[in-house]
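Reminder, nothing fancy here: chain letters follow the sequence lines and each chain counts from 1.
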Number of protein chains: 4
Amino acid sequence: MPKIGMEDFRRKTLIAATLKTIQEKGTIDIRVSDIAGHANVSSALAHHYFGSKSQLIQAALRHLLSDFRLAVLKELKNATTPQEKVISLIDACLADDQFSDEIVSAWLIFYAYSQNSMEARKLLQVYVRRLQSNLRYYLRPLCGHKTEEAAEVVGSLIDGIFIRQALRIEKADANYARTLVKECIQPYLARN
Amino acid sequence: MPKIGMEDFRRKTLIAATLKTIQEKGTIDIRVSDIAGHANVSSALAHHYFGSKSQLIQAALRHLLSDFRLAVLKELKNATTPQEKVISLIDACLADDQFSDEIVSAWLIFYAYSQNSMEARKLLQVYVRRLQSNLRYYLRPLCGHKTEEAAEVVGSLIDGIFIRQALRIEKADANYARTLVKECIQPYLARN
Amino acid sequence: MPKIGMEDFRRKTLIAATLKTIQEKGTIDIRVSDIAGHANVSSALAHHYFGSKSQLIQAALRHLLSDFRLAVLKELKNATTPQEKVISLIDACLADDQFSDEIVSAWLIFYAYSQNSMEARKLLQVYVRRLQSNLRYYLRPLCGHKTEEAAEVVGSLIDGIFIRQALRIEKADANYARTLVKECIQPYLARN
Amino acid sequence: MPKIGMEDFRRKTLIAATLKTIQEKGTIDIRVSDIAGHANVSSALAHHYFGSKSQLIQAALRHLLSDFRLAVLKELKNATTPQEKVISLIDACLADDQFSDEIVSAWLIFYAYSQNSMEARKLLQVYVRRLQSNLRYYLRPLCGHKTEEAAEVVGSLIDGIFIRQALRIEKADANYARTLVKECIQPYLARN
DNA sequence: CATGAATGAGTTTTCATTCAT
DNA sequence: TATGAATGAAAACTCATTCAT
């Protein structure tokens, strides 16, 4: 009685379990058996579907990035003017749910992991470049020759807020973070 | 080779070797034998002097932080006015030698590690808070009620530039980075 | 080879192998790999099932004690009068198979080990107290106010015979040992 | 300035430190460095004087035995009749200071060690045989054909009391122990 | 005489991975 | 499809022992 669509279900479950385990342990240095435990399957099954631990982790990273990408796209859809688009990007990056301890932690861990894994590095670079390119595209009509600078500031500021978040004990205020970034770019818009 | 006073020398060498190994491998997940190899000693010696791998890594983190702290203090000494002090802080954080691939990589890796190790987390928190407190202190006469915001922006921006640096392939321009931050806070100063 | 239900079999085999290794080496200071060798499995498997070397040794000790306990209970079943019960206890403690070099050696080693391991100490204390309590219970109707003394003598004598056995080269005579103890308590019975 | 008689002093100190360490750790499985620490010297010195760890432990065992032998001889000197001699032997074996936790523990540990070390086994066998021979010698005029049995009972009882002592938590009563043994052999004397 | 320095040789422990069922 | 069973390979850690000074 082989269940139809089991493969798909198992892959999804295992990826979710991987992210959960990474967040729980606070490191990429986790055991396959722990992941499998979270997914309520044997660790042999994880190998069956993903071939190896590192491929499973790759898949989890890819999932995190694609999830984020979808959130950004969704947010962008509701915006029309460049101003709105920029605001949308900031809101998407610093959205309440992206700002949860778990997500922040996972991002940081993957960033560090990218120092180690060329594969991860490439994936993250694609994401950073795409976001940066979006930012520049929507900032250009607003900032003119300051565009490059403004994009760099916004992008870095967002990442910086993220990384700091990882160190804090107190609950972060996503709303304050968004405001901070928006205020910060005002001068670049004004100068145009 | 048994000359007395070796202990101090070995400890320093081993700490340096640890940082080098972390940077080389791009992860905290390194072998004691690799560290020892870089220090040209047996791995048993590393255990002899530090007790365990994690204690050696702690020591390396502590060293990185204290090195950074000394650089900051040195830079601050040459500044007198609040403006100069703030500039000094930015310059120290984004100094050419702090901006090397190795250092950037080590910082990022330790940031991620802090998700895992309470000890590391505390050490990094102390550093972040101290820097932030310095920033606020010198920004206050310049920014008034915008101080909190300005300090947050500067601090986060610096961290963000750092983290992004870790993803880049092209050589970073430390000078451009410093200028970026300095320009970015101009509006906060002007508004006072 | 992966047949289900192996776990129980392996645990038993590994415990037996542990006792055998202890007896062979004459010390508790044995290698997991030697134990595993006797059980024809990898040392990793020993860790898989028992977690650590000391837990495996604990389990072996527990097994030895429980085996002994069962032998005592079995012997007691065939006795009805207090006299018979006391004889049974002595016979059980100094039974031919308990008196083999391997068992004697293991007991002595565990006794010494109990100086080191609180866990082992507690287990052995329970056994000693239970046996002593049994002895007193059945001696009381026979010895009256001399019960305490008689129980102490029998218990100590048995242990002493055991410990001496460990030092001998010549094969011990279990039968002679049993007679010795039985004769020794006669006076305590008579005095009642 | 080589100090005269240093060698002798160091050997004594190291042997004492060895016994102390064995008692403290409750096992023969101790570190040379711990012994050296107790003697306030470097572990290299222990090797200098004893060649190896096992030779140092041998020496400590030899010392324990010879100390005990001296105590027995001293006690025997004050006795004249066979009765007194037997009493002396019992008193010497169960003397207050031989009955201390440390001594009891050391004896037990050495007994177990003798399962492992042929050297230790031989030393202990010599001691047991000598004591047994003494016992028989003085018991013969008192017990006649029961001598063998009586000697076995006394010897084993003493060892048994010792081994049980090692398991107890409550402080033992050496006096009670001596009385117990003395009462126990009365019947053997009477029967003669 | 004495030791700080150093290490080789082991031993435990961990885990991804394989495989028969 | 799924897993219990098993292990090889690697890594941390320990410690007796050696040696130059």
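Checked by atom type, the side-chain pair D:Gln115/C:Ser105 shows a donor-acceptor distance below 3.5 Å.
Between C:Lys53 and A:Lys53, the residue anchored nearer the 5' end of DNA chain E, judged by the nucleotide with its closest heavy atom, is C:Lys53. Nearest-nucleotide positions on DNA chain F for D:Ser52 and C:Asn40 put C:Asn40 closer to the 5' end. Mapping B:Ala44 and C:Asp8 onto DNA chain F via the closest heavy atom, the residue that lands nearer the 5' end is C:Asp8.
The interatomic distance linking A:Asp29 (CG) with E:dA16 (P) rounds to 9 Å, in whole Å. Atom P of nucleotide F:dC13 and atom CD1 of B:Ile35 are separated by 11 Å, given to the nearest angstrom. Spacing between atom CD1 of C:Ile57 and atom P of E:dT11 amounts to 14 Å, rounded to whole angstrom units. Regarding C:Leu56, its CG atom lies at a distance of 10 Å from the P atom of E:dT13, rounded to whole Å. Between A:Asp34 atom CG and E:dT17 atom C1' the separation is 16 Å, expressed in whole Å. Straight-line distance from the CZ atom of A:Phe50 to the C1' atom of F:dT1: 15 Å, rounded to whole Å. Here F:dC15 presents its P atom at 16 Å from CZ of C:Arg31, a figure rounded to the nearest Å. Across the protein-nucleic acid pair, D:His47 atom NE2 and E:dA2 atom P stand 16 Å apart, rounded to whole Å.
Between E:dT3, F:dT3, E:dT7, one nucleotide has an atom nearer to the side chain of A:Ser42 than all others, and that is F:dT3. Nearest to the side-chain atoms of B:Val41 among the listed nucleotides F:dA2, F:dT7, E:dT7 stands E:dT7. Of all nucleotides listed (F:dA5, E:dA6, E:dC1), E:dC1 comes nearest to the side chain of D:Met6.
Nucleotide E:dA20 has F:dT3 as its partner under the Watson-Crick or G-U criteria, with both atom distances under 3.5 Å.
To the nearest 0.5 Å, atoms CD1 (D:Ile109) and OG (D:Ser114) are separated by 12.5 Å. To the nearest 0.5 Å, the span separating CD1 on A:Ile35 from CD on A:Glu24 amounts to 11.0 Å. Residue A:Phe110 holds its CZ atom at 4.0 Å from CD1 of A:Ile22, rounded to the nearest 0.5 Å.
Counting non-hydrogen atoms under 4.0 angstrom, A:Phe9 reaches nothing in the nucleic acid.
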D:Tyr113 and D:Trp107: ring-ring contact (aromatic ring centres under 6.0 Å, His included), yes or no, with the steps? CA-CA 10 Å; D:Tyr113 180 51; D:Trp107 274 100; over 10 Å; no

